Amino acid sequence: MYKIAKKDLPALFRRIAAGKELYLPLENGGQVNFGVWDEGGSVSLDTLKTVKSPKDAFFPQSETLYTCRRDGKNLSVDPEALQEQEFVLFGVKACDVRGFEILDQVFLADPVDTFYEARRAHATIVSLACHEPEETCFCNVFDIDCAAPAGDVASWSIGETLYWKPLTQKGEALTEAVKDLLAQAQEEPVESEKNSIRAIVEKLPYSHLSLEGWGGGALEEAFDSPLWEELYKPCLACGTCTFVCPTCQCYDIKDYDTGHGVQRYRCWDSCMYSDFTMMAHGNNRTSQMQRFRQRFMHKLVYFPANNDGIYSCVGCGRCVEKCPSALHIVKVIKTFAEASKSKHTGGEQP
Amino acid sequence: MTAQKKQAEQIKEISGVNPLKCMKCGKCSASCPSYNEMDIKPHQFVSYVINEDIEALVHSKSLWKCLSCFACIERCPRDVKPGKLIDAARQLVVRKKGGDYLSPDEMAQLLDPEIPQQLLVSAFRRYRR
Amino acid sequence: MPECVKTMSQAEREIHLMTAQQQTTQTQVVNRAKELLADGTVARVLGWKAGELPYAPQPAYFEKEEDLEEFVYNGFCGANLSKYMIEASKLDGKTLVCLKPCDTYSFRQLMKEHRVDREKAYIIGVGCKGKLDIEKIKAQGIKGIQSIQGAERTDDADTLTIQTLYGERTCAYADVMLERCHVCKGKEHMIFDELIGESRDTKDRDRFAQVKEIEAMTPGERFAFFQKELSRCIRCNACRNVCPACSCRKCVFDSSQFDSAQKANADPFEEKMFHIIRAFHVAGRCTDCGECSRVCPQGIPLHLFNRKFIKDINEFYGEYQAGADLEPRGPLTSYVFEDVEPGIVAERG
Amino acid sequence: MSIEAKEEFRPKIVAFCCNWCSYAGADLAGSSRLSYPADVKIIRVPCSCRVNPMFILRAFEKGADGVIICGCHPGDCHYTTGNFYARRRMTLLFSMLDFIGVESGRTRVEWVSAAEGVKFSATMNEFVEKIRSLGKNVRLEDLRCQNV
Amino acid sequence: MQRVGVFVCHCGSNIAATVDVKKVAEMALMEPGVVHAEDYQYMCSEAGQARIQEAIREKQLTGIVVCSCSPRMHETTFRTAAQRAGLNPYMVEIANIREHCSWIHKDMEEATKKAVLLMRAAVAKVNLNTPLRPGESRVTKRALVIGGGIAGIQTALDIADAGYEVDIVEKTPSIGGRMSQLDKTFPTLDCSACILTPKMVEANAHERITIYTYSEVEKVTGFVGDFTVDIRKKARSVDMNKCTGCGVCQEKCPSKKTPSEFNRGLSTRSAIYTPFAQAIPNVPVIDREHCIKFQTGKCGVCAKVCQAGAIDYEQKDEIITQKYGAIVVATGFDMIRLDDYDEYAYSQSKDVVTSLELERIMNAAGPTKGHLERLSDGKAPKEIVFIQCVGSRCADNRGKSYCSKICCMYTAKHAMLIRDKYPDVNVTVFYIDVRTPGKNFDEFYRRAVEEYGVNYIKGQVGKVIPQPDGRLLVQGVDLIDNRQILKEADMVVLAAAIEPDPDVRKIATMLTASIDTNNFLTEAHAKLRPVESPTAGIFLSGVCQGPKDIPETVSQAGAAAVKAIGLLAKDKLLTNPCTAHSDELLCNGCSQCANVCPYGAISYEDRQVNDHGIREVRRIAVVNDALCQGCGACTVTCPSGAMDLQGFSNRQILAEVDALCR
């Protein structure tokens, strides 16, 4: 266990940035998102949740796959280079670290996504425990301990000090590189911080949300539930939930005509959009209800069915915070739970 | 560029006039109160500039007989305004004299005692600075 | 109508009014909605119900009287329900819809454009004394919110008391209102079948102040300002999808008409293109309801684009408020011979 | 910017010309041999009211340095009223572009009749000069379109 | 994918001298879809067209691009050629590399580069072209002639003689126009009235001609073959069916102080009046502004004296709505106002008159009964000075930039007539140039000089100074003698410039006919289509198109008539297929497009649609192809892009933009 005074953090950042790219939460116009650190950037480690999750670091919102160039009637294809630069993601919360693991299930499974793989291989993750979790958090539901985040290095922000604990070899290597800036520390303050965080987590309104009735086996019952028809109605069909989500991994592949050639790029897509999975014949989901259902069925049923029971939600609560219609995964889980409760107690089915 | 051509260009630049717009109607000469005093007539001024015969122009009597009454400027239907050309030719002469401006003393010798006030006003406006 | 009946109903109305004064707008709406559902006037009610969080009520339909127990109406009911009426107009029977004064402008604009059916709507003009912005509350460092008191603003309660995991906090109602409420269009409803609850004109700022501030900057500063703001845009389309003026069945940015369907977030140009065109498409039709700014997850002041157009329209073509009338032609579908020339932009410098 | 670099800069300029007046005006400029820089390229549209703001932004996106729209004089529109609508649309669009910091000189509307070949040529000369002085359009270009 | 052929025209050396046409053709082959490219001396020639047709057939081309002159010149030529080879004519695009390129650029490399870009844009466009087929519309077999001067009368007579109904709308109380105000005509010196009156009578009597005098066109809608026009028949206050034209009312009318329009204000008329004796119809009108009855309510003398009981003070303006297949504009001209020409003392002295005023003075029915006398004192003038080009050929904004064309000849006529009738009067003409390009024109002018001794002086007048004794001092110049001239005159006659009737602007706007900076109506082509407006179905007759004398006016009137007849003779017209249409899956039914459509071509219907499996009834915009003229206003108003324009679609224009910015 190491520690560093918070006032010395700029020196730490400078050191890391000297050899690697450093991504960390930066404030811009009142909003905090992950960005590349530079001198003068306003770092905000106290912000619990960045607006977007840090998944951009591995799975950018847009990335070029290859470029076609035209010379007369000859075409040449230049694939985009893979990530070669080492980089550090600093200040990632426990839920987002889990988010990466969920993305790994998708992108590192066969066939491996080489772009993603290269980025993942070159990254060192410094996680940060959640000093003051909020009412929208429910990572506990997915067995994530925000007091003891995973990653290559875990860190805790306590008072004026940042505690630092390497967890992996990569973490050790990074620690080695900055060791002269760190001091040895006792485990004790961190343990008490963990306890206080866990105490708060216990008090959070959604911490004990029940996932009963979900999971890979719930396919037909959940799919055919009449509840969807009521639930989806306030949905505006925007993509806010998907774009702030650390685990949404759907993308579209499109071409951009640069005038000199064509760039084939992929970009995040949202199952909430009417042109999602649009094909020549049209769309296989024609109503917003179906699109809405798709998102939650994917997170809570299809994904666990294909990935050893792992839900593709990490309880970060970003969608809970950002949905313009106050319509989100917690709402869905709770509505289903209430319905099944009233069913079991012989009440009326909604 | 020949010296003559250069002078012609200078005149066009100072006056802002395009002499090629002239349709040779003669309204300037018809309007001119000093017509009979002039050796080169107002409408001829335009031709002299077109033909780049500036030497003749600057040595003409007309240069100093023009009253700057602006009748030709007002009435020219083609926006050629010979009065401006004449004034520009005068400027050439004045500039040639070097740093010294035409002094009021000198002007008296050049001008007729019966010349109207307007010319003096016009001349002072032109040479004051 | 026979005399006796009239007096009776008048007396009834007085009693109703007396009790009404003691009731909150919420209870009054619920009671009235139950009546209208019961007598078959309306087939459903479009309002809000309590969400999962104390500050996030959810737009909701109610089809049964007993469901209305969940109905809420308070300072967090900012959503403009006019947009939902586009879909509701396709349903059988009338929909009772709760519209705040500023929402009624949007409804009228949608009527003009044949997007909502007046005959399918029973409009209850609900009172509004300014709506709250949770982002502003959180910006005061208030987190871990458990409950909030005072969200139903009354004349003698102007403070919010907030219980959080980290202790009790308070804040002044006026300090945490939505931006749009500071430039309130007034307490009059433009269209309604009946009114419930009192409204207050909460205007305390110049609507165009920020636009003017930006206009006063150099082009370079303006460019930097918007570059910075728009750099946060994630193309989630929340602004578009919540907007009552963006009522297209299929947005140009989703269709192949202009090859403009770009979900990419690859270049700063795309955000500019999207936001300029979006603002242009709603120019002359935007009622300045402020929903775009309210829902933006990245806090981009999107209303600036709309206000700039509104300000220009007012200056160039005369004061205009979309949705204030039912005149079919708007500023961009009419003209006068003497209109200013586009060169005025360069002249103004 | 050095004088030398300035001379090298050849702007890309797109001119939308209405078929009835301005395109004919451009034809007249041509048949009268009234030259203007080759930087200007004309796109024929039926009327100035056919010009969608999308077209203008697209031109800038793809690297145009200036966009000019030419139509019949107000009151002379072949379709009676087209240019009146175009005038309002362009006024507002240009004002918005100015608002977000795009140099106002990069966009222009000029009314050129079929008889105004001289005006067409003069306008284009002037516009090219203006765009040259403004330099390359960097504020509205999509960087992907740069030819590298 | 399209199979595109690119054809690069040399246009002799017009293009080839500045553009490397071989290179353009070579570059074309690099473009997507291009399977054939060639260059040729003259693409528009028969041989050139044959090459295009051959390529279309041999290479199975689905679209062609011709890099040549302006599409306004030869688009139709190439479309027709393509059609003959079996290609849809709308699969042809023109890259204008002459007017927009070779003619304005000098540097070969630069011009070639630009030509390549223009070619690319056209190829990009044609790649997105779709075959279009024109619709059909009916032709109403009736023509409208606006203006009842000699131009209008002649056009109407010719059309009517061909067997079609014609209506003449004339804003004054009588037909006849400017020509009726003239005394004699050049170069034959016959009496204007003597040759005009029979034509007026003929028009009036013609069974297929309806004359609406004292009437104005109020509103025009529709399009070629099917115009609908509202004509406002102003209240004449006299029943045309009852009036016998006896003239008693005019004699007895107590209000006689109104300046006579016909005599250019040189005499007065009564409030109830016919403009001149031979007026047609010979029915007076009451000028309500000057009528005592209308102004004070008391009088009614005319009603009392009218034996036919034709006076009707209650008469109201009447709107006549009529359909027409063709419209001929013959609105004529007026003299410019001379207020800005102080130097000629026109407003200071009654003895400075315009030529048209002199025309009235010389006329037996004029203010002086045909005696040449000074209007100031009635004395016979001894010395008359004519000043030419007053307001014509002016570069400033006081006058007009053009030559009024008729002044040289009518001045020679006036000079000759005066010298003939009053040999003791000296006539001097100050001229800049004497322009006599017409049959027997120069001979006419020479006679004035040689036989009649008219003194022509080359030089302009600078100033006319009224003298205390009432004479006029004319200060001019003789550029041949190089001396200034001071001349005393009794009368000065100004050859004022002529300009189109000021009302023509209003009419042009209604007709959507284009007009130039001088208010002359623009012809479809200066050389090849001089009597047609670019707006289909609108024809031009007389001075409204440009200055003309009578013979020219009459021949143009005939030409316009022939063009109109050619149109009316058709039963059906093919409509422009470049119209707007709305995509039912994208349309919101918001009605914004209808708000901006100038033709009322857009309506809405509730239609069952199938949107990828969603079936519902939607309000959809529907465009009437016959009414739509293809301006595209709706396409930009439509936020969803549902409305698009065939031939100039969003994607086509964007493809051009992309190609040009590449």
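In the text below, chain A, chain B and the rest are named by the order of the sequence lines, each starting its count at 1. Bear in mind the structure is a predicted one, so any value in this text is a computation, not a measurement.
Within the 4.5 angstrom heavy-atom criterion, no atom of E:Asp107 approaches chain D. Residue contact with chain D, scored on non-hydrogen atoms closer than 4.5 Å, involves the side chain of E:Leu117 exclusively. For chain E, the nearby part of D:Val51 is the backbone; its heavy atoms alone come within less than 4.5 Å. At a 4.5 Å heavy-atom cutoff, the contact between E:Ala633 and chain D is made by backbone and side-chain atoms alike. Both the backbone and the side chain of E:Thr637 come within contact range of chain D, each with at least one heavy atom under 4.5 Å from a heavy atom of that chain. Using a 4.5 Å cut-off between heavy atoms, E:His100 contacts chain D through both its backbone and its side chain. Contacts of E:Asn576 with chain D are absent, with no heavy-atom separation under 4.5 Å from either backbone or side chain.
Below 4.5 Å, heavy atoms of chain D meet heavy atoms from E:Glu656, E:Val657, E:Asp658, E:Leu660, E:Cys661, E:Arg662, all part of residues 655-662 of chain E.
By number of non-hydrogen pairs under 4.5 angstrom with chain E, the leading residue of D:Ile43, D:Val14, D:Thr81 is D:Ile43. Looking only at heavy-atom pairs under 4.5 Å with chain E, the residue among D:Arg44, D:His78, D:Arg33, D:Arg89 that has the most is D:Arg33. Ranked by heavy-atom pairs under 4.5 Å with chain E, the first of D:Ala114, D:Ala59, D:Cys47, D:Ala38 is D:Ala38. Interface remark: of the candidates D:Cys18, D:Pro46, D:Gly63, D:Pro46 forms the most heavy-atom pairs closer than 4.5 Å to chain E. If you tally non-hydrogen atom pairs under 4.5 Å between each of D:Glu116, D:His73, D:Lys62 and chain E, the highest count goes to D:Lys62. Among the candidates E:Thr535, E:Thr509, E:Val596, E:Thr522, the residue making the largest number of heavy-atom pairs closer than 4.5 Å to chain D is E:Val596. The choice from E:Lys113, E:Arg505, E:Arg98 that makes the most heavy-atom pairs within less than 4.5 Å of chain D is E:Arg505.
Here CG of D:Asn52 is found 12.0 Å from CG of E:Leu645. Values are rounded to the nearest 0.5 Å. Atoms CD and CZ, from E:Glu110 and D:Arg10 in turn, are 4.0 Å apart once rounded to the nearest 0.5 Å. Here the straight-line distance linking atom CD of E:Glu99 with atom OG of D:Ser31 works out to 6.0 Å at 0.5 Å rounding. Note that the SG atom of D:Cys72 and the CD1 atom of E:Ile515 stand 12.0 Å from one another [nearest 0.5 Å]. Annotation: the span from E:Trp103 atom CH2 to D:Asp27 atom CG amounts to 9.0 Å, rounded to 0.5 Å.
Scanning all heavy atoms of the two residues, the minimum distance from D:Tyr85 to E:Asn595 falls at OH-O, 3.5 Å. In plain terms, the two heavy atoms of E:Ile653 and D:Phe16 that are nearest each other are CG2-CE2, 3.9 Å. The heavy-atom pair separating E:Lys114 from D:Val40 by the smallest distance is NZ-O, 2.8 Å. Of all heavy-atom pairs spanning D:Ala29 and E:Ile104, the tightest one is O-CG2, 4.0 Å. D:Ala115 and E:Asp516 make their closest contact through CB-CB, 4.1 Å (heavy atoms, listed as atom of the first residue, atom of the second, distance). When all heavy atoms of D:Tyr79 and E:Gly630 are compared, the closest pair comes out as OH-O, 3.7 Å.
In this structure, D:Arg50 and E:Asn650 have side chains that are in contact, with non-hydrogen atoms separated by less than 4.5 Å.
With E:Arg72 contributing its side chain and D:Asn19 its backbone, the two residues share a donor-acceptor pair below 3.5 Å.
Taking E:Cys593 as the reference, E:Ile602, E:Tyr604, E:Ala621, E:Cys634, E:Met643 meet the side chain to side chain contact (heavy atoms under 4.5 Å, CB included) condition, with sequence neighbours excluded.
By the 6.0 Å contact criterion, NZ on D:Lys12 is enclosed, its count of non-hydrogen atoms from other residues, nucleotides or ligands being greater than 12.
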